[in-house]
Amino acid sequence: MFRATGNYGLLQGNYLFSEIAKRIEAYVAKNPDADIIRMGIGDVTRPLVPAVVSAMHKAVDEMGAKETFRGYGPEQGYAFLREAIAAGDYHARGVEVAADEIFVSDGAKCDVGSIQELFGENTVVAVTDPVYPVYVDTNVMAGRAGKYDAKKGGYEKIVYLPCTQENGFVPELPATPVDVIYLCYPNNPTGTTLTKAQLKVFVDYANKNGALLLYDSAYEVFISDPDVPHSIFEVEGAKTCAIEFRSFSKTAGFTGTRCAYAVVPKTLEYKDDTGSTVSLNAMWNRRHCTRFNGVPYITQMGALATYSAEGRAQVLESANYYMENARIIKAGLEQAGYAVFGGENAPYIWLKVPGGDSWAFFDELLKTKQIVGTPGAGFGNAGEGYFRMTAFASRENTKRAVERILTSTR
Ligand code: MLT
């Protein structure tokens, strides 16, 4: 007799962004004329840049001609893209990453969700708190998190590293032994960053204790501060303890196009549950080939175009546009009297909620200003009392949102 896993029953409520969508839908059903400004889910609003569009058009033509048509491509991604990534995102920053350490995929969300298939049976996981919910939920689904403990404000078997105003949003090392630490910088949701020296503390911990760092740098294109590292591999020692996840979603407007990659260094060697030494690069390669038939050629050609001089300039222009939005939001919120964080090297602005109840603030903002943001509590216990706004709206809507907030608070 088939039985479904009981692990899904351990999940807390709906997936955050589905819950938000549900609340917006309910509000719109009652207020069909509401002029809602969406600054909730971090979805881009600017179209694909011209260099990407023309590369994809060309690729469509190739796929439509019998001489240049392609069927299955390499599961790990075409060599042209893996080599361009290695050169453009790593060698250009003085970081040694080889093309065969790069695995192109259809999204960083899928990669960070799937990576835990490589974990041994009793792996203990640590996450920063607040946290991108996928890191936690996928471990719950895999039965690794235990039950939700309301008193702890988290799952019994997960170690939480709080990042709040009090500690300057810098996580401390875990107080109890852990095997895996998920880090996301520039951070989703707080929009804060860590310096190389702060990241080195985690790299040293991982190397000393045989732990693995999972580093999500999906927002690196928004970094402008020269002291903020774009990659964990800029930190000495990271190639023996870290996997990095990157995405074209936020960097090049690919949220609807889907392309990302993971860097799994060949120097990552650990013992498996049987005591044998294994290569995570080989394991991820095996997993990728077994489960995935590669990102479409057309999409990969589009991604490749972001590494041309023209494409790079266009992508950076888009990133700057969003960061100008971030500046406008941050300045507006500060003017309105809020304590505001992030938004300088990341498209997320993290504000302190008066009264401390972030879902109540969400409902209130929707009801009184028709602005949608994301309640901090949705990202974890330490996110309660905060609220996230994204800089991904159009300039016009960004300005209108700030105007609405200022009008009410004056
Ligand atoms: C977010 O709003 O946190 C992101 O859009 C989620 C994602 O990238 O999946």
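The basis for the numbers below is simple: all heavy atoms, side chains too, and nothing from hydrogens, waters or symmetry mates. Just follow the structure's listing: the first ligand is 1, and inside any ligand the first atom is 1.
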Intermediate values then yes/no, side-chain hydrogen bond (donor to acceptor under 3.5 Å, both in side chains), Y307 and D89: CA-CA 9 Å; Y307 294 96; D89 288 344; 2.7 Å; yes
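- Note: I232 CD1 to L214 CG = 10.5 Å, rounded to the nearest 0.5 Å.
- Evaluation of the ring-ring contact (aromatic ring centres under 6.0 Å, His included) test over residues 219-239, restricted to residues two or more places apart or in two chains, returns Y219-Y348, F222-F392.
- No side-chain heavy atom of K271 sits less than 4.5 Å from a side-chain heavy atom of V278.
- Within 4.0 Å of ligand 1, heavy atoms belong to protein residues F17, I41, G42, K109, Y132, N188, Y219, K250, Y348, R388.
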Extract all donor-acceptor atom pairs below 3.5 Å that involve side chains of residues 173-183 and protein atoms in other chains or at least two apart in sequence.
residue, atom, partner, partner atom, Å
D179, OD2, V124, N, 2.7
Y182, OH, N139, ND2, 3.0

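- Residue pairs satisfying the ring-ring contact (aromatic ring centres under 6.0 Å, His included) criterion with at least one member in residues 17-49, sequence neighbours excluded, are listed as follows: Y15-F17.
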